[in-house]
Each structure stands twice: as structure tokens, then as C-alpha cells.
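Notes for the one structure printed next.
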Amino acid sequence: MSFAEFQSSHLLLGIALALCFNQVSSTTNETDILALLTFKAGITRDPFGVLDSWNNSIGFCQWYGVTCGRRHRRVTVLDLSSQGLSGSISPYIGNLSFLRQIWLHNNSLDHEIPAQVGQLHRLRYLQLDNNSLVGEIPKNISGCLDLVSLLLQGNQLTGEIPGELGSLSKLRELALSVNNLIGSVPSSIGNLSSLEILFLAGNNLGGSIPQALGHLTNLQGINLERNRLSGTIPSSLLNLSSLATLIIGGNRIVGTLPASIGLKLLVLEYLSVYENQLEGPIPSSISNCTKLEVLQLSSNKFSGKVPSFENLRKLHWLVIFDNKLGSGKPGDLSFLCSLTNSTELWELTIQMNEFGGVLPKCIGNLSAALTLFSVRENQISGEIPKEIGNFVNLEILSMSINPLSGVIPSDLGNLRNLAGLLLSDNNLGGTIPSFWGNLTKLITIDLNGNNFHGQIPSHLSNCRSLDLLDLSRNNLSGAIPPELIGLSSLAIILDLSRNHLTGVLPTEVGNLRTLTALDISDNLLVGEIPGSLGDCIGLTSLRMAGNFFHGSIPQSIRSLGGIEELDISRNNLSGVFKNATGTSIIGNNELCGGLPEFHLPNCISKSSKRRTINIVILSVSVVFGVLGIALILAFIYLCWLKKKVNEPISSSMDDSRPSVSYRTLLNATNGFASTNLIGVGSFGSVYRGILEDNGTVVAVKVLDLVRHGALKSFMVECEALRNIKHRNLLKILTICSGSDYQGNDFKALVYQFMDNGSLERWLHPNATLSHHNELLEKLNFIRRINIAIDIAYVLDYLHHQCHIPIVHCDLKPSNILLDAEMVAHVGDFGLAKFLLGSSLDTVANQMSSLGLRGTIGYAPPGNLSTFYYNDMSSTFFWMISTTNLICTMIKMCDRICHGI
Ligand SMILES: *[C@@H]1O[C@H](CO)[C@@H](O)[C@H](O)[C@H]1NC(C)=O
Ligand SMILES: *[C@@H]1O[C@H](CO)[C@@H](O)[C@H](O)[C@H]1NC(C)=O
Ligand SMILES: *[C@@H]1O[C@H](CO)[C@@H](O)[C@H](O)[C@H]1NC(C)=O
Ligand SMILES: *[C@@H]1O[C@H](CO)[C@@H](O)[C@H](O)[C@H]1NC(C)=O
Ligand SMILES: *[C@@H]1O[C@H](CO)[C@@H](O)[C@H](O)[C@H]1NC(C)=O
Ligand SMILES: *[C@@H]1O[C@H](CO)[C@@H](O)[C@H](O)[C@H]1NC(C)=O
Ligand SMILES: *[C@@H]1O[C@H](CO)[C@@H](O)[C@H](O)[C@H]1NC(C)=O
Ligand SMILES: *[C@@H]1O[C@H](CO)[C@@H](O)[C@H](O)[C@H]1NC(C)=O
């Protein structure tokens with residue numbers, strides 16, 4: 001070997017050694033330390049200070065949340081779950097080459113998932129669920145060939161599900177629910193032969209469910225609900241004998257459930273296909289799924305006779321409402337008798353079908369655990385079986401809108417837990433029973449539209465929680481019991497109209513301080529209107545027409561500042577209006593009746609107050625479709641700009657909502673600290689803040705003005721909220737419109753802070769199924785009803801009682817916020833739309849008359865329907881009866897906005 005040769009080989013050796021050394025150094029613990037420290041640097045918020053221990057005073061293997069392998073002392077586990085961390089996940093994480101488990105779930109991590117994660121060939125668990133991660137799912141996660149569990153649900157991930165994930169042959173859990181994923185479900189998922197859990201719910205996935213999923217022979221749970229999936233349920237999927245949970249509700253699935261379903265799915269526990277377009281019969285083989293706990297087939301087009309469920313002894317929920325089941329003939333309800341061994345049955349909802357015949361006596365043997373029994377809107381005749389009195393845990397009994405006859409059996413007095421008794425629109429008769437004294441939990445009693453006669457029992461006043469009582473359209477007589485009309489819990493509706501009640505209106509009526517609507521019209525009441533009526537300051541609707549009241553209208557009525565509808569026509573009242581020369585009615589465009597000299601239109605009494613939300617919504621949607629929305633928005637924009645130019649900012653909201661400065665908000669939110677960040681919406685971030693001057697806790701939505709549409713959204717929201725007020729609207733306290741210290745435009749809206757967060761969190765906790773059920777149980781029936789009623793109220797208000805009807809257009813559980821008392825408030829009007837009149841001229845008029853309200857006098861019935869509880873009971877009740885209630889309602893409303 002020549003020297004030169006020696007030298008060159010030495011050089012090569014040197015290079016090789018250097019390379020080798022590099023290789024070694026890149027896999028030493030130094031790399032891990034660097035990667036961990038870089039990870040730490042990416043974390044912008046660490047409220048519990050868990051990363052403080054990540055310093056040189058101790059070895060990195062002792063750092064909080066870090067676990068090292070025993071032999072090689074390299075990082076194998078990174079567990080920082082539920083630490084409230086914000087910030088990004090550093091790409092350096094990809095250098096922790098010995099990492100097997102990443103647990104970062106339940107934090108507030110934002111930014112993207114670094115693609116370098118794909119370098120972690122030893123990774124088995126990647127749990128990033130419940131963060132605020134954005135961007136796409138990196139395709140090269142498919143490089144983590146040992147991955148067993150990939151949980152990314154509850155983030156804001158976009159894009160498609162990478163088909164590459166199909167190569168993760170060891171994957172057992174894949175959960176991508178509640179993100180913004182689009183595209184279709186990749187067929188390659190069918191290659192994940194170890195897969196046990198597949199959760200893709202709550203995205204925008206389209207296309208059909210791939211047949212290939214039928215290859216997943218280990219699959220135990222699949223949840224695809226609330227997407228836009230179409231096509232049929234692949235037969236292969238229904239052959240998977242391991243399947244325990246099958247949830248595909250809230251899609252556009254068509255076809256039938258195959259007759260053999262129960263012969264294959266022998267371990268099925270949870271079958272939920274609600275809100276699709278499935279048709280045909282309910283297969284009788286379902287009774288062979290002996291482990292079934294939940295059977296949810298509501299809002300489809302299932303028809304025919306309901307089969308026997310006699311082997312379903314573990315059934316908790318049988319939810320088959322809103323289908324075409326039954327024939328309207330006797331025998332339709334015999335399936336109820338097959339449920340007598342289902343001792344854990346909790347909800348039985350069969351409303352809105354075509355069931356005929358009588359309720360069989362065997363229902364008395366149904367589970368005593370039953371809390372909800374609804375048969376409303378069927379063709380069920382005969383009497384209410386006294387055996388219903390056995391359901392001692394019943395909370396809701398809904399039998400409205402059937403041809404039921406006979407009397408209310410006194411056995412119902414045993415239903416100590418009853419909160420809602422809904423028997424409207426039947427042919428029930430007799431007197432109203434007097435067992436109410438023991439039913440102290442009643443919240444709602446609706447007996448309207450029957451043939452009850454006799455007196456109103458004063459015992460009803462023992463129902464100290466009652467907030468809605470509707471006894472209208474019966475043949476009741478006698479006096480109004482003072483105890484009842486003084487029942488201060490009544491907060492929603494007291495309707496005694498269209499009976500034969502006599503005597504005076506007791507002065508105790510003044511106790512109804514929180515009541516929203518009082519209707520005693522069309523009775524035989526006499527005497528003067530008690531001045532105490534002025535104490536009912538919560539009233540928005542007061543109807544007393546068609547009685548024999550005389551005397552003058554009490555001055556105290558002035559204090560009913562929130563009144564929107566006042567009808568005292570067809571009485572013998574006297575007062576200011578008797579003298580046309582001394583009275584001016586200018587500006588009260590909606591008055592009717594009165595002296596001929598006023599030249600007012602005749603009052604048209606409402607032909608029927610029974611109107612369902614369905615119909616209302618349809619008519620709204622027609623109107624909406626016809627309008628040129630862009631034009632209207634442009635117009636509002638111009639109006640807004642004009643106002644802004646002409647007026648100081650503080651009056652761009654009404655006087656009670658002065659605007660605040662950037663500085664105030666900066667202080668309130670601690671400099672918009674990420675510790676105060678409570679959410680990120682489509683047009684900006686929401687911070688929790690405390691206003692310095694009065695200590696009010698507020699939520700501050702800072703508009704991201706760079707985001708397309710954010711400015712428009714801000715203006716629409718200001719405009720929408722500017723003149724409306726309702727207890728169930730998220731109150732906007734103030735706005736900030738100015739510039740920040742850098743001179744950039746800065747716009748923010750300041751709202752009431754809501755302690756219980758959004759309804760979304762309660763309805764779809766996007767955790768495991770068991771946890772899900774637990775939360776749903778906390779959101780108990782009464783709460784659900786109250787929330788639905790709250791929302792119904794505010795929707796009615798927005799649609800029918802605002803001078804310009806407002807359609808929210810983005811109503812979804814995440815925009816429904818719950819305060820400390822679980823009262824629902826609808827928020828986020830950034831996409832709201834205004835349903836204006838036919839031409840821009842009338843729009844201008846409407847705009848200028850926005851301020852005129854609360855007129856005293858002969859207020860008209862108006863052409864927009866008032867919301868009645870009947871509407872709720874006929875349409876809302878079936879929605880309320882399952883966990884999907886709000887979603888159903890929201891879908892209906894959404895249709896207005898999307899023209900579906
Ligand atoms: C470094 O970590 C140790 C051990 O957890 C801790 O006690 C100490 O306060 C930390 N030092 C700093 C400067 O954070
Ligand atoms: C890193 O590894 C070297 C040698 O492999 C070892 O001496 C040192 O203690 C390790 N450092 C830590 C912090 O574990
Ligand atoms: C999520 O983290 C918070 C703390 O940041 C904790 O209070 C909460 O219990 C955690 N939730 C779950 C479901 O682990
Ligand atoms: C670790 O990862 C980062 C970013 O992915 C990269 O820039 C760096 O060179 C890697 N190697 C080491 C030894 O840190
Ligand atoms: C249940 O399965 C058995 C066979 O395993 C079958 O004979 C029976 O008919 C099935 N029941 C129903 C209701 O389909
Ligand atoms: C309920 O169970 C009993 C005892 O096992 C049985 O005799 C009866 O037929 C069952 N009833 C129904 C409706 O399945
Ligand atoms: C109320 O309950 C008590 C105790 O169970 C019972 O004695 C009484 O008869 C009940 N009253 C009515 C009116 O049902
Ligand atoms: C009507 O009011 C005018 C003006 O207040 C008054 O002059 C007139 O006498 C009143 N007429 C009657 C009939 O009260």
C-alpha cells in the first residue's frame with residue numbers, strides 16, 4: 001500500500017468514523033434532552049407549572065411526565081395529559097426515537113400535528129384528543145407501524161382522512177370524531193385488520209360507508225353519526241359478529257335493515273340509526289340481540305308492525321318515534337307486552353307514528369324504572385290504563401294528540417316523580433282529579449283541548465315547581481282559585497282560556513312575577529282588572545279578551561315594560577280610548593280596533609293558536625329562499641357604516657351597552673393571556689376576562705379581522721343584537737371597536753360569561769361510550785326539556801317577535817351556552833340573517849320603526865304567530881325525548897339557512 005493509498009483509506013476511515021460518530025451522537029440521550037427542551041419551548045401556557053421540573057437540576061428521566069426505558073435510559077413515554085397546556089407540539093418530538101407512548105390529550109394544544117411524528121417507529125399510543133389542533137392529519141403517521149391507538153378526536157383537524165392510515169396493521173383504536181374532516185371514509189381502513197374501535201362521528205364526511213369495513217373482523221364499536229354519509233349500510237358490516245356498538249345516526253343513509261341483522265350481530269349492545277332515511281320493517285330478528293341496551297331508530301321511515309322484543313331484557317332505551325310504524329288499527333301496540341321482562345327499560349318513546357288500538361293493560365308490567373313514556377301523535381284510542389300508575393319513576397308522560405277518552409285515572413297520583421303530564425288534544429273528560437297534592441315535582445301540566453268540566457282544583461297549587469299550566473279549551477267552570485293564580489313558580493305559561501270560568505280575576509295574580517304569558521281570554525270573568533297585574537313584570541303576552549271586565553285599564557299596567565302582545569278586546573272596559581279627540585295613536589302602526597274615528601283595521605282574532613314549528617319554519621324558509629340575501633346584507637352593512645360615521649361609537653349599540661376600550665379588555669383578560677383563552681371560533685378567539693371597574697366575569701370574543709368574513713360577522717352580530725333582548729339570548733354587554741397599541745384595527749364583543757360552557761360539551765363529550773352515557777345522564781330529562789324550551793322561546797322570539805325576523809343560521813349545540821343554573825342562552829350571531837320585507841323601501845321603514853315597542857292599548861294579534869306551548873308539545877316534545885333533541889331541532893332550523 002502506498003502512502004497515498006494509506007492516506008486515502010485513512011481518510012475514508014475517518015469519514016466513516018465521523019459518520020458513525022454522528023450516527024451514534026444522534027441517538028444519544030443528548031438528542032432526547034434537546035427534543036424535550038424544544039418541546040417545552042413550544043408550550044406557551046403551563047398553568048400547573050409541570051414543565052418547571054424540566055431543568056438541569058435533575059436527570060431528564062425524572063422530569064415530570066417523562067419515563068425512560070430501564071436499560072437504555074431513553075425517553076419511552078411522554079405523558080402530559082390534562083395539564084391545561086397550550087402551544088404547539090415541537091417537530092423535535094420526532095427525534096425521541098425510543099418513544100412508545102404520547103399522552104397529550106385534554107390540553108389546549110393548537111397548531112398542527114408535526115409530520116415528524118411519523119419518524120417514531122416504536123410509537124404505540126398517540127393520544128392527542130381534546131385539544132385545539134388544526135391542519136391535516138399527517139399522512140406519514142402511517143410510518144408509525146407499531147401504532148395501536150390513534151386518538152385525535154375533539155380537535156379542529158381539517159382535510160381528508162389519509163388513506164395511508166390503512167397500513168397501520170396493528171391499530172386497534174382509531175378515533176377521529178368531532179373534527180372538521182371532509183372527503184369520504186377511505187376503503188383502506190378495511191385493511192386495519194386489528195381494528196376494534198372506529199369513531200369518525202361529528203365530521204363532514206360524505207360518500208358511502210365502504211363495503212371494505214366488513215373485513216374488520218375484530219371491530220367492536222363503530223360510530224359514524226352526524227356526518228353526511230349516504231348510500232346503504234354495507235351488508236358486510238352487518239355480518240361482523242364482534243360488533244357491540246353500531247352508531248350511524250344523523251346521516252343520509254337509505255335502504256332497509258336486513259332481516260338477518262339479529263342472527264349475525266349477537267353481541268350488539270347499542271344500535272343507533274336515528275335521522276336517516278331508512279325504510280321497511282324493523283326486523284324481527286332483532287329480538288335475538290339479547291345484549292341490546294339501546295335501540296334508537298327514530299326519525300326514519302320505518303313502517304309496518306313492530307316485532308316482539310321479548311328477549312331484549314337489557315334494553316334501556318327503545319326510541320322509535322317519528323316513523324311510519326303501525327297501521328292505525330287494533331293490535332299495533334301488542335309489542336309493548338313483549339317488553340315486560342326488560343326490567344331496565346328507561347325510555348320508551350313511540351310518538352309520531354301511526355299506532356292505533358288501545359294501550360294494552362300489560363303495560364302495567366313494564367319496567368318500574370321507566371322515566372319517559374311518550375305515545376303522543378298517534379291514533380291511540382280507549383282509556384288511559386290505570387296501570388300507568390305503576391311507573392313510580394316516571395318523569396314524563398306524554399299522550400297528547402290521540403283520540404283517548406275516559407277520565408284521568410286517580411292512580412296517576414302515585415307518580416311522585418312526574419315532572420311533565422301532557423294530555424292535550426284528546427277526548428278526555430270528567431273533572432280534573434284532585435291528586436295533585438302529592439305530585440310536587442310537576443313542572444308542566446298540559447290538559448288543553450279536552451272535555452274536562454267542573455272546577456279547577458285548588459290543590460294544583462301544591463305543585464310548587466309548576467312553571468307551565470295549560471287548561472285551555474275545556475269546559476271548566478267556577479272561579480279561578482286564588483291559590484293557583486298566585487302560584488309564583490309559574491314562569492312560562494298560564495293558559496285558562498276558552499273555558500266557562502266565572503268570578504273575578506283574583507288580585508293574587510300579582511304574584512306571577514316571572515310569568516311570560518297569561519291567557520284568560522274567552523271566559524265569563526267579571527269585575528275590574530286588578531291593579532296588581534302590573535306586578536307581573538315578566539309578561540310578554542297578556543290576553544284577556546272576550547270576558548266581561550269593566551272599569552278602566554289600571555295605570556299599573558304601565559310597568560309591564562316587556563309586553564309584546566296585549567289583548568283586552570271584547571270586554572266592557574272604558575278609558576282613554578273612548579274619546580278620539582283627546583287621544584293620539586300616531587306611530588302605533590300595529591294597533592287595531594277601537595273607535596271608528598281612529599280608522600284602525602279591525603282586530604282579527606287568531607283563528608287557531610295551534611301551529612307547529614314545522615309549519616312556521618317552512619313558511620320562513622320559503623320567504624327566505626326568495627330573498628336576495630346578499631343585497632340585504634349589503635344594505636345592512638351600508639346602514640351600519642352610515643350610523644358609525646354619524647354617531648360616536650358608544651351609541652352604535654344602544655345606551656345600555658356603552659363600548660369599552662382596547663385597554664380595558666387588555667386588562668380584563670390579562671393581556672389576552674392564553675391562560676384565559678376559552679375557545680377558538682370560526683372568526684376569532686374567546687377569552688375569559690374580569691372587568692376591572694365592577695368585577696363582572698365576561699367572555700371576550702376578539703375578531704380575527706384577517707379571517708375572511710370576520711368583519712362582516714362582527715357587524716351582523718352587532719346589528720342582530722342591537723335591538724333585541726331576551727332572557728335566553730347570550731347577552732352582549734358591550735363592544736370594542738377601535739385599534740390596538742400597534743394601530744391595527746381591533747374589534748371585540750363582550751358577553752356574559754357562561755359557567756357551564758356549551759351544550760355541545762354536554763351532548764357530545766366525545767370521550768368513550770361509557771363516559772358519554774354518564775354525561776348524558778347528568779343532562780337529565782328535566783334539564784333537557786328546559787334547555788329545549790329555552791331555545792324554543794328564543795327562536796320564536798327571533799323569528800316572530802322581532803320587528804325584522806332574525807334567523808340565526810348557525811344554531812348548533814356549541815352556540816348554545818349554559819349558565820350556572822343550566823339556563824340556555826343562544827349566542828354567536830355572526831352568521832345571522834335578517835328576513836326583511838319585500839322591497840328595500842319597506843326595509844328602511846322597518847329599520848326606522850325598530851324602536852317602537854311595548855305599546856299600551858289595543859295591541860293587535862299581529863300576523864306573526866305567538867309561540868305557544870302547544871307548538872312545543874306538538875313538535876318539540878318528540879324531539880325532547882331522546883338525546884338527539886337539540887340536534888333535531890337545530891337541523892330543522894339549519895334547513896332555513898341552507899335551503900335544504
Ligand atoms: C428545577 O426542577 C426542580 C425539581 O423539580 C425544582 O425543584 C426547581 O424549582 C426547578 N428549578 C427551576 C429554576 O425551575
Ligand atoms: C447520557 O448518557 C451518558 C452516557 O451514555 C451518561 O453518562 C449520562 O449520564 C446520560 N445523561 C443523562 C442525563 O441521563
Ligand atoms: C381535563 O383537564 C382538566 C385540567 O386541565 C381537568 O380538570 C379535567 O378533569 C380533565 N378532564 C378529563 C376528562 O380528563
Ligand atoms: C431533530 O429534529 C429537528 C426538527 O425536526 C431537526 O432540525 C434536528 O436536526 C433533529 N436532530 C437532532 C439531533 O436534534
Ligand atoms: C333467533 O335465532 C334463532 C336461531 O339462532 C332462530 O331460529 C330464530 O328464529 C331467531 N329469532 C328471530 C325472532 O328471528
Ligand atoms: C318473561 O319471563 C318469564 C320467565 O322467564 C317467562 O315465563 C315469560 O314468558 C316472559 N315474558 C315475555 C313477554 O317475554
Ligand atoms: C298522598 O300520599 C299519601 C302518602 O302516601 C297518601 O296517604 C295520600 O292518600 C295521598 N294523597 C292523595 C290525594 O293521593
Ligand atoms: C274629549 O277630550 C277633549 C280634550 O281633552 C275634551 O275637550 C272633551 O270634552 C272630551 N270629550 C268627552 C266626551 O269626554
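The structure displayed is predicted, hence computed values, not measured ones. Computation of the quantities below employed the complete heavy-atom set of this structure, encompassing side-chain atoms and omitting hydrogens, waters and symmetry-equivalent molecules. Order of appearance sets the numbers: ligands from 1, and atoms from 1 within every ligand.
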Practice task
Provide the number and element of each atom of ligand 4 under 4.0 Å from a heavy atom of Gln116.
Solution key: 5 (O)

Exercise for the section: Check the side chains of Thr343 and Lys314 for a donor-acceptor pair under 3.5 angstrom, ignoring hydrogens and angles. Expected result: no

Exercise for the section: Assign the ring pair Phe98 / His72 to parallel, tilted or perpendicular, where the plane angle (0 to 90°) is split at 30° and 60°. Expected result: tilted

Practice task
Go through Asp32 and Arg74 one step at a time and tell me if the salt bridge (charged side-chain N to carboxylate O under 4.0 Å, His left out) criterion holds.
Solution key: CA-CA 7 Å; Asp32 283 12; Arg74 303 289 303 277; 2.9 Å; yes

Exercise for the section: Check each atom of ligand 4 against the heavy atoms of Thr31 and keep those under 4.0 Å away; list them by number with element. Expected result: 13 (C)

Handout entry: Sub-4.0 Å atoms of ligand 4 with respect to non-hydrogen atoms of Leu34
Key = 14 (O)

Problem - Min N/O separation Asn95 to ligand 4 under 3.5 Å - result: yes

Find all protein N or O atoms under 3.5 angstrom from an N or O atom of ligand 1 and list the pairs with distances, or write 'none'.
residue  : atom   : partner : partner atom : Å
ligand 1 : 2 (O)  : Asn55   : OD1          : 3.2
ligand 1 : 2 (O)  : Asn55   : ND2          : 2.6
ligand 1 : 2 (O)  : Ser57   : OG           : 3.3
ligand 1 : 11 (N) : Asn55   : ND2          : 2.6
ligand 1 : 14 (O) : Asp52   : O            : 3.4
ligand 1 : 14 (O) : Asn55   : ND2          : 3.4

Handout entry: Thr340: numbered ligand 6 atoms lying under 4.0 Å from its heavy atoms
Key = 13 (C)

Handout entry: Heavy-atom gap Cys337 to ligand 6 smaller than 4.0 Å
Key = yes

Exercise for the section: Give the ring-plane orientation class for Phe335 versus Phe309, where under 30° counts as parallel, over 60° as perpendicular and anything between as tilted. Expected result: perpendicular

Exercise for the section: Please test Asp79 against Ser81 for side-chain hydrogen bond (donor to acceptor under 3.5 Å, both in side chains), starting from the C-alpha separation and ending with a verdict. Expected result: CA-CA 6 Å; Asp79 179 0; Ser81 56; 3.1 Å; yes

Handout entry: Side-chain heavy-atom pair Leu80, Phe39 within 4.5 angstrom cut-off
Key = yes

Exercise for the section: Evaluate the side-chain proximity of Leu257 to Ile282: yes if any heavy-atom separation is below 4.5 Å, no if none is. Expected result: no

Completion exercise
For residues 324-338, the salt bridge (charged side-chain N to carboxylate O under 4.0 Å, His left out) pairs (sequence neighbours left out) are none

Problem - Validation row, ring centre Phe60 to ring centre Trp54 under 6.0 Å - result: no

